[in-house]
Amino acid sequence: MRERPILGIYEKALQPTSFDQMFAKTAQCGFDCFEMSLDGTQEKLARLDWTHEQIEQVRQASLRNGVKLLTTCLSGHKRFPLGSSDPSILRHGMEIMQKAIDLCGELGIRVIQVSGFDVYDQEPRTAQTRARFVESLRQCVQMAERACVMLAIEPVEGNLLTVRDTLTVVNSIASPWLQIYPDPANICSLGVEPVQDIACGKGHIVAVHLRDSLLHRYDATIPFGTGNLDFEGVIRKLDELSFTGPMIVEMWNTGQPGDLEMITQARAYLEYIIRKARDADV
């Protein structure tokens with residue numbers, strides 16, 4: 001009998017309140033871990049300059065509520081991309097990475113999800129921006145290795161579209177401290193078959209984002225089970241790959257009533273699909 005997977009919730013699925021309250025809601029909704037957001041807003045980037053006392057307060061709140069801090073989503077590089085041709089933007093992006101690694105090291109977070117964008121909307125993507133992204137990432141991996149914190153690339157639209165594409169970068173850097181953190185819904189929204197693509201990441205997938213999807217629509221408000229993602233196929237493939245890492249529900253809170261019910265429904269749906277997929281394998 002396979003163990004129940006580690007299920008987590010992304011911070012943006014919850015209404016923004018204190019960490020103590022968000023951790024309590026995480027546990028209330030039946031999740032094991034909480035994924036912190038480090039996006040490009042000033043509010044989230046300010047976390048990179050937390051004092052030791054602030055970091056300890058967050059760590060203690062997670063322990064109090066029985067919620068693990070295993071992963072973080074570092075999307076601040078959409079604003080300060082690692083492939084930028086602007087030296088000041090690139091320098092800021094590298095500083096963000098070093099600070100994020102230091103923060104996660106002190107919080108005990110093991111995995112930083114890194115966006116696969118070489119550049120976002122600041123400038124055209126070129127062979128130079130892609131090469132600069134890989135070289136910057138190579139330096140970031142050395143930072144991560146010194147702190148014993150793993151970086152994991154999320155395939156995204158525009159640059160590294162798939163797990164297969166991302167694996168080429170992981171193999172070129174060739175470090176155990178750089179792996180893959182896919183979102184099958186991203187892949188599915190691009191019109192790529194996610195189950196076959198996930199198989200390309202065997203031995204390199206350290207965590208997975210899960211949400212439902214619609215073609216050419218990047219939206220984490222779709223109720224689980226109402227889109228076109230083959231959840232059962234994804235779970236069965238992950239089991240075939242012997243993946244036992246965290247599965248993080250990625251949802252966006254819209255401020256509407258019933259948010260906790262929607263999050264709980266997503267967790268219950270996943271548990272149902274996991275049982276169904278595994279029963280089919282018997």
Side-chain angles (χ1 to χ4, degrees), residues 6-14 16-27 31-82 90-116 136-154 170 173 175-181 205-209 244-250:
I6 300 166
L7 298 180
I9 191 71
Y10 182 41
E11 178 179 352
K12 290 185 179 181
L14 300 166
T17 54
S18 71
F19 278 100
D20 209 24
Q21 290 174 314
M22 288 192 289
F23 294 156
K25 289 179 180 179
T26 297
F31 290 97
D32 308 299
C33 59
F34 173 95
E35 181 169 88
M36 181 185 294
S37 168
L38 294 173
D39 64 23
T41 63
Q42 289 306 117
E43 175 197 2
K44 298 294 199 314
L45 291 178
R47 294 174 175 179
L48 300 176
D49 294 311
W50 275 346
T51 64
H52 297 302
E53 290 74 19
Q54 288 173 302
I55 293 171
E56 183 61 18
Q57 287 171 7
V58 172
R59 201 177 68 82
Q60 289 299 324
S62 74
L63 292 172
R64 243 187 337 268
N65 289 282
V67 171
K68 297 176 182 177
L69 298 175
L70 301 177
T71 63
T72 192
C73 179
L74 176 58
S75 55
H77 286 123
K78 289 174 70 174
R79 181 177 171 191
F80 300 101
L82 296 176
L90 178 56
R91 183 168 56 254
H92 199 160
M94 296 296 283
E95 289 171 355
I96 285 172
M97 183 66 84
Q98 182 65 73
K99 288 183 176 183
I101 290 168
D102 292 342
L103 173 65
C104 290
E106 193 163 349
L107 281 169
I109 291 172
R110 283 78 158 167
V111 176
I112 299 177
Q113 185 195 71
V114 179
S115 172
S136 298
L137 197 55
R138 192 185 307 277
Q139 296 175 42
C140 292
V141 170
Q142 292 177 340
M143 300 176 192
E145 183 174 357
R146 286 192 290 272
C148 290
V149 173
M150 183 174 290
L151 305 184
I153 305 172
E154 179 188 31
V170 169
I173 293 177
S175 168
W177 300 98
L178 180 66
Q179 301 298 337
I180 304 174
Y181 189 152
I205 295 174
V206 295
V208 177
H209 266 171
T244 58
M247 299 181 183
I248 309 297
V249 169
E250 183 185 15

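In what follows, residues are counted from 1 in the order of the sequence shown.
- A side chain to side chain contact (heavy atoms under 4.5 Å, CB included) with Ile112 is found for exactly one of Ile101, Thr71, Leu38, namely Ile101.
- Formation of a donor-acceptor pair under 3.5 Å by the Gln60 side chain with backbone atoms of Gln57 is not found in this model.
- In this pair, Phe19 and Trp50 present their aromatic rings perpendicular. The plane angle is above 60°, beyond the 30 to 60° band.
- By the 6.0 Å contact criterion, NZ on Lys25 is enclosed, its count of non-hydrogen atoms from other residues, nucleotides or ligands being greater than 12.
- The CG atom of Leu82 sits 5.0 Å away from the SG atom of Cys140 when rounded to the nearest 0.5 Å.
- With contacts defined as side-chain heavy-atom distances shorter than 4.5 Å, the pair Cys33/Ile248 qualifies.
- In this structure, SG in Cys104 is found 7.5 Å from CE in Met36, a value given to the nearest 0.5 Å.
- For the pair Glu11 (side chain) and Ser37 (backbone), a donor-acceptor distance under 3.5 Å is present.
- Note: Leu103 CG to Ile109 CD1 = 6.0 Å, rounded to the nearest 0.5 Å.
- Annotation: side chain of Ile153 is in contact with side chain of Leu178 (closest heavy-atom distance under 4.5 Å).
- We find the CZ-CG distance between Arg59 and Leu69 to be 9.5 Å, quoted to the nearest 0.5 Å.
- Using a 4.5 Å heavy-atom cutoff, the side chains of Lys12 and Asp39 are in contact.
- In this structure, the side chains of Met97 and Val114 come closer than 4.5 Å at one or more pairs of heavy atoms.
- When side chains are defined from C-beta on, Val58 does not count as touching Arg47, because their heavy atoms never get closer than 4.5 Å.
- To the nearest 0.5 Å, atoms CD (Glu106) and CD1 (Ile55) are separated by 3.5 Å.
- A donor-acceptor pair shorter than 3.5 Å cannot be found between the side chains of Ser18 and Asp20.
- Considering only heavy atoms from C-beta on, Phe34 stays 4.5 Å or farther from Asn65 through its side chain.
- Side-chain atoms of Thr26 never come within 3.5 Å of backbone atoms of Phe31 as a donor-acceptor pair (strictly under, hydrogens ignored).
- In terms of heavy atoms, Pro176 sits closest to Met150 at O-CE, 3.4 Å.
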Worked verdict on Arg79 versus Ile96 for side-chain contact (heavy atoms from CB on, under 4.5 Å): CA-CA 11 Å; Arg79 181 177 171 191; Ile96 285 172; over 6 Å; no
Residues Leu70, Val111; criterion side-chain contact (heavy atoms from CB on, under 4.5 Å); working and verdict: CA-CA 6 Å; Leu70 301 177; Val111 176; over 6 Å; no
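- Side-chain N or O atoms of His77 include one that pairs as donor or acceptor with a backbone N or O of Gly93 at under 3.5 Å.
- With contacts defined as side-chain heavy-atom distances shorter than 4.5 Å, the pair Met143/Met94 qualifies.
- Inter-residue side-chain proximity for Thr72 and Leu107 is flagged as unmet; no heavy-atom pair is nearer than 4.5 Å.
- Within the model, atoms CD of Glu56 and CG of Leu63 stand 8.0 Å from one another, a figure rounded to the nearest 0.5 Å.
- For the pair Gln113 and Cys73, the tightest heavy-atom approach, listed with the atom from each and the gap, is OE1-SG, 3.2 Å.
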